[in-house]
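What you are looking at is a predicted structure, and each value in this text was computed from that prediction instead of being measured. So you know, we letter chains A, B, ... as the sequences are listed, proteins then strands, and number each from 1.
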There are 4 protein chains.
Amino acid sequence: MPRWRRRSDARPEEILDAALAEFTEKGFETARMEDIAKRAGLSKAGVYLYFESKEALLKALIEAKMTPIAEQASALAAAGAANPKAALSAFARVVVSRAADPKIIAVPRLVLSLSGQFPEIADHYRRHVVEIARAALEALIAAGVARGDFRAVDPKVAARAFIGPFFFEAMWTHILRGETAFNHPDALVEAQIDLLLKGLEAEPRA
Amino acid sequence: MPRWRRRSDARPEEILDAALAEFTEKGFETARMEDIAKRAGLSKAGVYLYFESKEALLKALIEAKMTPIAEQASALAAAGAANPKAALSAFARVVVSRAADPKIIAVPRLVLSLSGQFPEIADHYRRHVVEIARAALEALIAAGVARGDFRAVDPKVAARAFIGPFFFEAMWTHILRGETAFNHPDALVEAQIDLLLKGLEAEPRA
Amino acid sequence: MPRWRRRSDARPEEILDAALAEFTEKGFETARMEDIAKRAGLSKAGVYLYFESKEALLKALIEAKMTPIAEQASALAAAGAANPKAALSAFARVVVSRAADPKIIAVPRLVLSLSGQFPEIADHYRRHVVEIARAALEALIAAGVARGDFRAVDPKVAARAFIGPFFFEAMWTHILRGETAFNHPDALVEAQIDLLLKGLEAEPRA
Amino acid sequence: MPRWRRRSDARPEEILDAALAEFTEKGFETARMEDIAKRAGLSKAGVYLYFESKEALLKALIEAKMTPIAEQASALAAAGAANPKAALSAFARVVVSRAADPKIIAVPRLVLSLSGQFPEIADHYRRHVVEIARAALEALIAAGVARGDFRAVDPKVAARAFIGPFFFEAMWTHILRGETAFNHPDALVEAQIDLLLKGLEAEPRA
DNA sequence: TATGAATGAGTCTTCATTCAT
DNA sequence: AATGAATGAAGACTCATTCAT
């Protein structure tokens, strides 16, 4: 007998959080609706008042947690027309700090895990999150090239070169549970940025 | 009663292949032993003559397919002491060509998918595959730095910068099913290498 | 919040009608209290203000819709002492017209459907409806025999012979959804009556 | 641990019998697969080796038990061209004796019960059983009329008049659990036949 | 070596029913 | 009188695993 019942407004959010935790720990199939329910503080049947099925819960989860990275990204890209180098640094810092939060990294992890079984989820995520972010990044780089701040690199290549390392680091630490090579999270950003900007840097005019 | 007796020594291999295919398509939990068996051309019970359980099958699979990337990698690293730049290019080319083969990419994919449920698998894979490769790469870079071919970069950082983009591309195309930006597989390698080497490049001595 | 208050005295009737419809369409077990409630225009919990349980609702339903066939029947039988042949015709006509109304046929249908699970319902219905009607019919026939209008048939046999065909027709059209062989409902009555009376008819006195 | 396993040939039949019994006693929805399984002497999961689902089991059941009444009926009808009166009597006797067997009456009962939920079952049964039998009966009567044994009645009407009473009796005794009015099963047939033939009888030629 | 038959254990999902408001 | 929220209990169905042959 829960002391407080009747809080239908907060419930969906609580359930989604519980589901994300269980799905991440045990995988979609292995996670039991009952455990999700318990974790969210209601009964198994209660979950079905808010979500049609386990699969619907999964999809709602992805949807809900598809963070407004898109907005942030394009905001950054726009703001970055003025100073591409600084904007790239800022962008990297945001990515790294978000990737460090297990709650946030959990969603892309789940998407990757389930891409075989639910290709439509992978597609959805790619289109609505990754592609947006990638486009923003490419625009940022293209602006830098246009302004003469960067060498005449192909923005597509440079964007991959830029985002890849952070992506790898996230996998390495969170999924493969490898130890990070950096004592301070910012250290990675600094070092990486330094290296990358070097690669992008326009030749000093003679 | 099959008219020609099955060469039972080929069986385990056939089963592993079938399992890999099913696990990749449907995920470990969702894949059914019966389908694996059918795919391998024997009966459900037959699989148990070769593997103790579904989980044992999974682990044997990871183990068996943990390609000799380790050996290759260290061979390359060793050989590369002579010419770090060329060795880096060769390394990248190997990585990209392997990553393009769905059969090969399937294993790391599976490992990533299951890292939540079976952390020991992730650990095993990290230790016996990824760490080896990473170490080889770092050694290669360190050699380049020692020889004065590269700037005095931190090999850890540079290794991440080097491998990350290829890793990202593999995820992007195989898991997220995004379209590649490159018409020819080598095009990515060329462009990426060019960019990266630029970042690594030692300052021209004045 | 309904703008005009529901007349609560009409409620039970509305619920019973809704229940009858749902039970008939889907069967007792398959019908959901929620659907019955929705159909009756109130909430699931609301139904429980009027009926203790689903089973109670069923029983109340049978009870309420156990049409006053009994009274009608005995009235007819009494009136028929004067003219058994005419009374038989009238009786048949009533039976056929009632059987043509899906709302009315629904109840006996339900009783038949549930006779396995709820024998007490079948018993109740038999005793309070069918047996009454049958007795009335037998009395009518006995009267005809006594008056010399009919041959000396066993009323029990004749009553079955009389009612059976109409019963069969109802099953055929409503339950088995067969097409009726008669373009006009009265046609069946006329033809059947003609045939039956022929069988009952007293020999013309030589 | 059953003493005799492995008797895949008899199994389906055993399961169908068990299912028929449970469905009849408790109704389709209320019957539990586990009880059916237990009754058939195997485990719940075992039933699914032979039937896809509960509904498939039901349909297979109807199909399997749709006794060769059709064949019998038409055989009788054919044979009866020679002596319609005798054939009608024989027909009635078969119907009554079959209707007296609870195992046999159970199937049409089930069909009637489920006609609301599964109209396709009712249709199937009507087309493949009832319509066949009815047609045979009509042919028999038509033959009698043609030969001059019977009055010039409409075979459709007469067939209903003929079969209806037996149908009613079956309902009455088996479903409504009413007491039969006849101490000997043949008594009903005799009396009914006598009455019906009287109705059909051709006028003695003056 | 190989398998058809069988099952125990487990999970999703449904629904009649309750109760605080 | 009325209901939205919640749940306990139940049942269909699945599947890894076993075993007699």
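- Between the C:K59 side chain and the C:K54 main chain, no donor and acceptor come within less than 3.5 Å of each other.
- With hydrogens and angles ignored, no donor-acceptor pair closer than 3.5 Å exists between the side chain of C:K44 and the base of F:dT3.
- Nearer the 5' end of DNA chain F, as judged by each residue's closest nucleotide, is the contact made by A:L42, out of A:L42 and D:E52.
- Inspection of the D:S115 and C:R177 side chains reveals no N or O donor paired with an N or O acceptor under 3.5 Å.
- Side-chain N or O atoms of C:K65 include none that pairs as donor or acceptor with a backbone N or O of C:D17 at under 3.5 Å.
- In this structure, OH of A:Y48 is placed 19 Å from P of F:dA5, rounded to the nearest angstrom.
- Between C:K38 atom NZ and F:dA2 atom P the separation is 18 Å, expressed in whole Å.
- Atom CD of C:E25 is surrounded by more than 12 heavy atoms from other residues, nucleotides or ligands within 6.0 Å.
- Shown here for D:T24 and D:A106, the closest heavy-atom pair between the two residues is OG1-CB, 3.6 Å.
- Atom CG of B:L49 and atom P of E:dT3 are 8 Å apart (whole Å).
- Nucleotide F:dA16 holds its C1' atom 14 Å from the CG atom of B:L58, rounded to whole Å.
- Put simply, the side chain of C:R126 gets close to the backbone of D:L176: a donor and an acceptor are under 3.5 Å apart.
- When all heavy atoms of C:L110 and C:L58 are compared, the closest pair comes out as CD2-CD1, 4.1 Å.
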task: Return one dot-bracket line describing DNA chain F 5' to 3' (Watson-Crick or G-U wobble pairs, both distances under 3.5 Å; ( ) same strand, [ ] crossing, | another strand, . none).
output: .||||||||||||||||||||
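- Summarising the geometry, the separation between CZ on D:F51 and P on F:dC13 is reported as 13 Å, rounded to the nearest angstrom.
- Summarising the geometry, the separation between CD on D:E14 and P on E:dA5 is reported as 14 Å, rounded to the nearest angstrom.
- Remark: C1' of F:dT14 and NZ of D:K54 are 17 Å apart, rounded to the nearest angstrom.
- Looking at which nucleotide of DNA chain E each of B:G46 and D:S43 is closest to, the 5′-most match is held by B:G46.
- Atom CZ in B:R11 sits roughly 11 Å away from atom P in E:dT1 (whole-Å rounding).
- No hydrogens or angles considered: a donor-acceptor pair under 3.5 Å links the side chains of C:H124 and C:E63.
- Put simply, D:Y50 has a side-chain N or O that comes within less than 4.0 Å of OP1 or OP2 on E:dA6.
- Annotation: proximity of residues 27-36 of chain C to DNA chain E (heavy atom, distance under 4.0 Å) is found for C:A31, C:R32, C:M33, numbered in ascending order.
- Judged as a ring pair (Phe, Tyr, Trp, His ring centres under 6.0 Å), and not counting sequence neighbours, the contacts of B:F118 are B:F28.
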